[in-house]
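All of these numbers come straight from a predicted model, not from anything done at the bench.
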Amino acid sequence: MSRSIKLISSALIVAALAVGVWLAWSQSQSMKRISQLQQGALDPVAHAQSLLATQRADKSAEWVETASAIADQSADHDALAIQLLKAALAENPYFPRGWALLAFLHTRDAGSFTAEAERALERSIEVCPLCSKELLRWRLTFVLEHWTNVSEDTRVAAFVGADLLRWWHLDYEYLSRVRTEALGRGIAFDTYRKKVNSPVRTNEIGVRTD
């Protein structure tokens with residue numbers, strides 16, 4: 001009996017190691033394909049079709065990156081990119097960039113900012129309110145571009161996230177530029193900025209912010 005238990009335990013350990021090796025290999029292959037997509041060495045439309053044929057969005061980063069590559073090409077295959085994103089985000093919803101891309105694609109596909117785009121943008125903010133500099137910039141710019149159709153809560157949320165650009169990234173040039181553009185379009189940029197209660201860095205003391 002004891003010998004049988006030992007044999008079973010050994011078999012389980014071997015099986016677990018084999019699974020681990022396969023998962024590591026599979027992940028490395030996925031990262032390789034992502035690199036090929038980013039370098040333009042892999043056709044994103046053909047790859048998207050092969051991914052959808054598997055019906056397994058377990059490597060959601062690869063699906064999101066494929067959708068991004070499709071979106072960068074043209075608007076001709078937006079429906080395909082949206083299908084990829086929906087599958088990937090259903091499998092793993094913790095992709096703020098994926099949700100942001102979905103908001104963009106819904107907007108481009110419809111020709112205007114839609115309720116679907118709003119929900120996707122909200123999810124991007126919920127999943128990661130204080131994200132990378134790139135995504136914070138993108139979300140603020142996107143909200144300002146579609147200002148009249150964006151809800152009040154989403155407007156404020158975009159400013160909350162974007163304020164990190166001021167006090168952490170010191171991204172004054174970008175903020176000054178979008179502020180000037182927004183004021184030129186009649187958007188009360190400063191009013192919304194004042195709604196945000198975030199830290200002031202030492203080097204900003206004495207700097208006029210009103």
Rounded to the nearest 0.5 Å, what separates atom [atom1] in [X] from atom [atom2] in [Y]?
X: Phe104; Y: Asp109; atom1: CZ; atom2: CG; value: 10.5 Å
X: Thr114; Y: Arg108; atom1: OG1; atom2: CZ; value: 13.5 Å
X: Glu116; Y: His106; atom1: CD; atom2: NE2; value: 4.0 Å
X: Glu152; Y: Lys195; atom1: CD; atom2: NZ; value: 5.5 Å
X: Thr154; Y: Phe142; atom1: OG1; atom2: CZ; value: 10.5 Å
X: Lys59; Y: Ile34; atom1: NZ; atom2: CD1; value: 10.0 Å

Using only atom types and a distance under 3.5 Å, with no angle test, would you say the side chain of [X] pairs donor to acceptor with the backbone of [Y]?
X: Arg193; Y: Arg179; value: no
X: Trp63; Y: Leu89; value: no
X: Arg185; Y: Leu144; value: yes
X: Glu62; Y: Arg33; value: no
X: Ser68; Y: Val64; value: no
X: Thr141; Y: Arg137; value: yes

In terms of hydrophobic clustering (I, L, V, M, F, W, Y; side-chain heavy atoms under 4.5 Å; direct or indirect links), are [X] and [Y] co-clustered?
X: Val45; Y: Leu102; result: no
X: Leu101; Y: Leu52; result: no
X: Leu42; Y: Ile70; result: no
X: Leu51; Y: Leu105; result: no

Next on the checklist: So Ser176 and Glu173, do their side chains get closer than 4.5 Å, heavy atoms only?
Outcome noted: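 Answer no - side chains too far apart.
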
Next on the checklist: Are the side chains of Cys128 and Leu135 in contact, using a 4.5 Å heavy-atom criterion?
Outcome noted: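 No. Closest side-chain heavy atoms not under 4.5 Å.
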
Checklist entry - For residues 36-49, which residue pairs qualify under salt bridge (charged side-chain N to carboxylate O under 4.0 Å, His left out), counting only residues two or more places apart or in two chains? => result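 Qualifying pairs: none.
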
Next on the checklist: Checking side-chain polar atoms at under 3.5 Å, does Tyr94 have a donor or acceptor matched by the opposite partner on Ser60?
Outcome noted: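 Their side chains do not contain a donor-acceptor pair, so the 3.5 Å distance test is not met.
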
Next on the checklist: Between Glu126 and Arg119, is the salt bridge (charged side-chain N to carboxylate O under 4.0 Å, His left out) condition met? List the steps.
Outcome noted: CA-CA 10 Å; Glu126 288 170 7; Arg119 285 193 293 271; over 6 Å; no

Next on the checklist: Would you say the rings of Tyr192 and Trp147 are close, in the sense that their centroids are separated by under 6.0 Å?
Outcome noted: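 Close enough - the centres of the two rings lie under 6.0 Å apart.
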
Checklist entry - Taking all atoms of both residues into account, what is the closest heavy-atom pair of Leu80 and Ala48, and its distance? => result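 Smallest interatomic distance, heavy atoms only, reads CD2-CB, 3.8 Å.
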
